[in-house]
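Report on the structure given below.
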Amino acid sequence: MDNRNKEEGQIKKDDPIKRKSTRRSFMKGLSLAAAAGSAGLVTGGCGDSATAEEMGLKWEEYFKTNYRLMTQEEKDETVARLEKLAKLRYDLDVKVSTQEPLERVLYGYAFNISRCKGYMDCVEACVKENNLDRKSKTQYIRLFEMEPGQLDPTSGEGKYFHEVPVDNKFYMGVQCFHCENAPCIKACPTKATWQEPDGIVVVDYDWCIGCRYCLAACPYWGRRFNWGEPEVPREEITKKQHYLGNRMRMKGVMEKCTFCIQRTRDGKLPACAEACPTGSRVFGNLLDPDSEIRFVLENKKVFRFKEELGTDPKFWYFMD
Amino acid sequence: MKILAYGSGLFFLLLGAALLTCPAVMAGQGSVLERIHGAEEPFDSMEIESVQQLTLKTVAAKESYQGGEFRVLARKEFISRFRCSVCHTEKPMLAQDGVLFTHSDIRINHGRAGDALICIECHHEKERDFLVDSQGRKIDFDHSYQLCGKCHFRQKRDWIGGAHGKRETYWAGERVVRNCTSCHNPHSPAFAKKMPETYSLPLDE
Ligand code: SF4
Ligand code: SF4
């Protein structure tokens, strides 16, 4: 890992062409090192016995550009390849969307700390919806049991193995806050992570070199790194996917909450907000003066975590 | 030397802006709060085509929220023994019998300690298929929020606005929210204790 960091330090000074080839040799090393997925598991990267067709598709995939520079035609092509690869490799009919942001929409989230009961239905729903690696127990959302008055989730308890809620405790969920002024984006040397016009901070998994600068820069522990090849049981795969969302990731790339981009751009609530049985999770369009999220911001006591950092998160905590 | 450095800096700035518009530029309108305050025009989320009609039965709410009319999940369909009047006829029925037989699952844990509510404080004594408020007004089961809100008026205000309760499935499209009794058991409205679904690692791990 030390080597990687050293290599990364040089990349910044290189010209764009050189940078590309560095990224490629790095990725190549990764795919060679990737272990074959065990039976019944779907993994994001290469397996052992690839057919010629599969190799061809992967070859073409390898030379595509950053998502933001793709024409719609190029987007359609890469999506077709990814869907074909899922079919060839796992006999899965996934649908990878490139649905654009909706106009006049800026997503925002509010979390009611006086109502959350610590059930963690949200965490489970997120893991399933977003095809998160089961082996390393990757979670975008973390939930902590907290003492009254305590407002720093780093000292909260996430491993509570008792019935909840416990009297005189409260529960606080933490995930990526989709900062309007996001330090993670500024830290990325390859522009593999950015904010979409609807406010969602995304990662182009095929452009990420796995340097983890963004992870270090995020003050909210919003990012997750794939140290190994992510694994999901085949029958649990969410097949409705988005290029910038829950499509299968590979070993060595960064991922994070995308406000369930594959759902929210279709007008649906994120999986966590839908799964919460207590209504502690409010999601909606900040640019709609009539939305629930705007009602919360205008009528409740709200605060943002570490607001003094100037990251300008689009995630508020509130109390009844 | 200085000019050169400045010039090349500017060049890269322009190149960067042209190739990958930086997020600050894309967001364009300053901080989130500034953008929110600048957005006063109503937003028509009805035009989002991917929003589909819910398969669950809903009814038009007899209230309106800041965005106008909205719908609530119907309730009567989910009450397994509705209609009540099928059993509760003119014939007198002893409360004890009900507790012993048909409604043995009901535990009243609603109201102040030591002063729990009794059936007919919410259920209409004569018109069995309806609820009733303290002024004797009939309330439809599908609109139970009208009754709950009589005591829990703060919650009702938040529910209408969107800070309490839940929207169903979509953030966009016609607003459909759950009824009070979709989530709360009216006989014992506090949420039950249960084991968490999973656990979380510490943030810095
Ligand atoms: S919470 Fe972290 S990962 Fe999310 S946008 Fe902010 S800095 Fe980036
Ligand atoms: S997204 Fe994060 S890990 Fe990936 S290249 Fe950018 S900074 Fe590095």
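Values in this document were obtained by computation on a predicted structure and should not be read as measured data. Residue numbering restarts at 1 for every chain, and letters A, B, ... go by the order of the sequence lines.
- At a 4.5 Å heavy-atom cutoff, the contact between Lys300(A) and chain B is made by side-chain atoms alone.
- Going from atom NZ of Lys314(A) over to atom CG of Leu33(B) covers 11.5 Å, rounded to the nearest 0.5 Å.
- The contact between Arg265(A) and chain B is made entirely by backbone atoms, counting heavy-atom distances below 4.5 Å.
- Options Arg281(A), Glu124(A), Arg142(A) differ in how many heavy-atom pairs under 4.5 Å they form with chain B, and the most are formed by Arg142(A).
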Does Glu197(B) form a side-chain contact (heavy atoms from CB on, under 4.5 Å) with Tyr119(A)? I'd like the steps, not just the answer. CA-CA 6 Å; Glu197(B) 291 294 315; Tyr119(A) 294 152; 5.5 Å; no
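- With chain B as the partner, the residue from Ala182(A), Gly267(A), Gly279(A), Gly158(A) showing the most heavy-atom pairs under 4.5 Å is Gly267(A).
- Ser50(B) and Lys268(A) share no side-chain donor-acceptor pair at under 3.5 Å.
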Give the intermediate values and the outcome of side-chain contact (heavy atoms from CB on, under 4.5 Å) for residues Lys193(B) and Lys117(A). CA-CA 8 Å; Lys193(B) 284 191 195 296; Lys117(A) 308 255 182 280; over 6 Å; no
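- Here OG1 of Thr169(B) is found 4.5 Å from CD of Glu274(A). Values are rounded to the nearest 0.5 Å.
- To the nearest 0.5 Å, the span separating CZ on Phe295(A) from CG on Asp158(B) amounts to 5.0 Å.
- Of the listed residues (Val51(B), Thr198(B), Asp204(B)), the one with the most heavy-atom contacts under 4.5 Å to chain A is Thr198(B).
- Proximity to chain B involves both the backbone and the side chain of Asp312(A), based on heavy atoms less than 4.5 angstrom apart.
- Looking at Asn181(A), there are no atoms closer than 4.5 Å to chain B (heavy atoms on both sides), in backbone or side chain.
- Heavy-atom pairs under 4.5 Å with chain B peak, among Val282(A), Leu106(A), Asn299(A), at Leu106(A).
- For Ala110(A), no part lies near chain B; criterion is any non-hydrogen pair under 4.5 Å.
- When heavy atoms are compared at a cutoff of 4.5 Å, Glu41(B) approaches chain A by way of both its backbone and its side chain.
- Taking 4.5 Å as the limit, some side-chain heavy atom of Trp171(B) sits within range of a side-chain heavy atom of Tyr107(A).
- Contact between Tyr160(A) and Pro196(B) at its shortest, heavy atoms only, is O-CG, 3.4 Å.
- Residue contact with chain B, scored on non-hydrogen atoms closer than 4.5 Å, involves the backbone and the side chain of Asp167(A) alike.
- Within a 6.0 Å radius of NZ in Lys301(A), no more than 12 heavy atoms belonging to other residues, nucleotides or ligands are found.
- Heavy-atom distances place both the backbone and the side chain of Thr278(A) under 4.5 Å from chain B.
- For the atom pair CD of Glu145(A) and OG of Ser200(B), the computed distance is 11.5 Å after rounding to the nearest 0.5 Å.
- Contacts classified as ring pair (Phe, Tyr, Trp, His ring centres under 6.0 Å) and involving residues 178-205 of chain B (residues at least two apart or in different chains) are given here: Phe161(A)-Tyr199(B), His184(B)-Phe191(B).
- Nearest heavy-atom pair, Gln139(A) versus Leu201(B), reported as atom, atom and distance to 0.1 Å: OE1-N, 4.4 Å.
- In the displayed structure, Gln150(A) atom CD is contacted under 6.0 Å by more than 12 heavy atoms of other residues, nucleotides or ligands.
- Using a 4.5 Å cut-off between heavy atoms, His164(B) touches chain A through its side chain atoms alone.
- Using a 4.5 Å cut-off between heavy atoms, Ile48(B) touches chain A through its side chain atoms alone.
- Contact record, Ala192(B) with Pro165(A): O-CD, 4.4 Å, taken as the closest heavy-atom pair.
- Annotation: the span from Ile293(A) atom CD1 to Ile36(B) atom CD1 amounts to 8.0 Å, rounded to 0.5 Å.
- Heavy atoms from other residues, nucleotides or ligands lying under 6.0 Å from CZ of Arg112(B) number 12 at most.
- If you tally non-hydrogen atom pairs under 4.5 Å between each of Lys194(B), Gln155(B), Lys166(B) and chain A, the highest count goes to Lys194(B).
- Of the two parts of Arg224(A), neither the backbone nor the side chain holds a non-hydrogen atom closer than 4.5 Å to a non-hydrogen atom of chain B.
- Using a 4.5 Å cut-off between heavy atoms, Arg167(B) contacts chain A through both its backbone and its side chain.
- Ranked by heavy-atom pairs under 4.5 Å with chain A, the first of Ser45(B), Gly173(B), Ala39(B) is Ala39(B).
- Of the residues Leu286(A), Val105(A), Leu287(A), the one that meets the side chain to side chain contact (heavy atoms under 4.5 Å, CB included) test with Phe43(B) is Val105(A).
- The pair Arg104(A)-Asp44(B) fails the salt-bridge criterion, with no side-chain N (NZ, NE, NH1 or NH2) lying under 4.0 Å from an Asp/Glu carboxylate O.
- Among all heavy-atom pairs drawn from Val32(B) and Glu180(A), the shortest one is CG2-CB, 3.3 Å.
- Using a 4.5 Å cut-off between heavy atoms, Val174(A) contacts chain B through its side chain alone, with no backbone atom that close.
- Residue contact with chain B, scored on non-hydrogen atoms closer than 4.5 Å, is absent for Val127(A).
- Between chain B and the residues Val123(A), Thr154(A), Val296(A), Thr264(A), the largest count of heavy-atom pairs under 4.5 Å involves Thr264(A).
- Options Gln99(A), Glu298(A), Lys186(A), Arg294(A) differ in how many heavy-atom pairs under 4.5 Å they form with chain B, and the most are formed by Arg294(A).
- A distance of 6.0 Å separates CG in Asp290(A) from CD in Gln66(B), rounded to the nearest 0.5 Å.
- Between Asp320(A) and Arg154(B), the closest heavy-atom pair is C-NH2, 4.1 Å.
- The residue among Asn112(A), Val166(A), Asn285(A), Leu297(A) with the most heavy atom pairs within less than 4.5 Å of chain B is Asn285(A).
- The number of heavy atoms from other shown groups lying within 6.0 Å of CD (Glu127(B)) is above 12.
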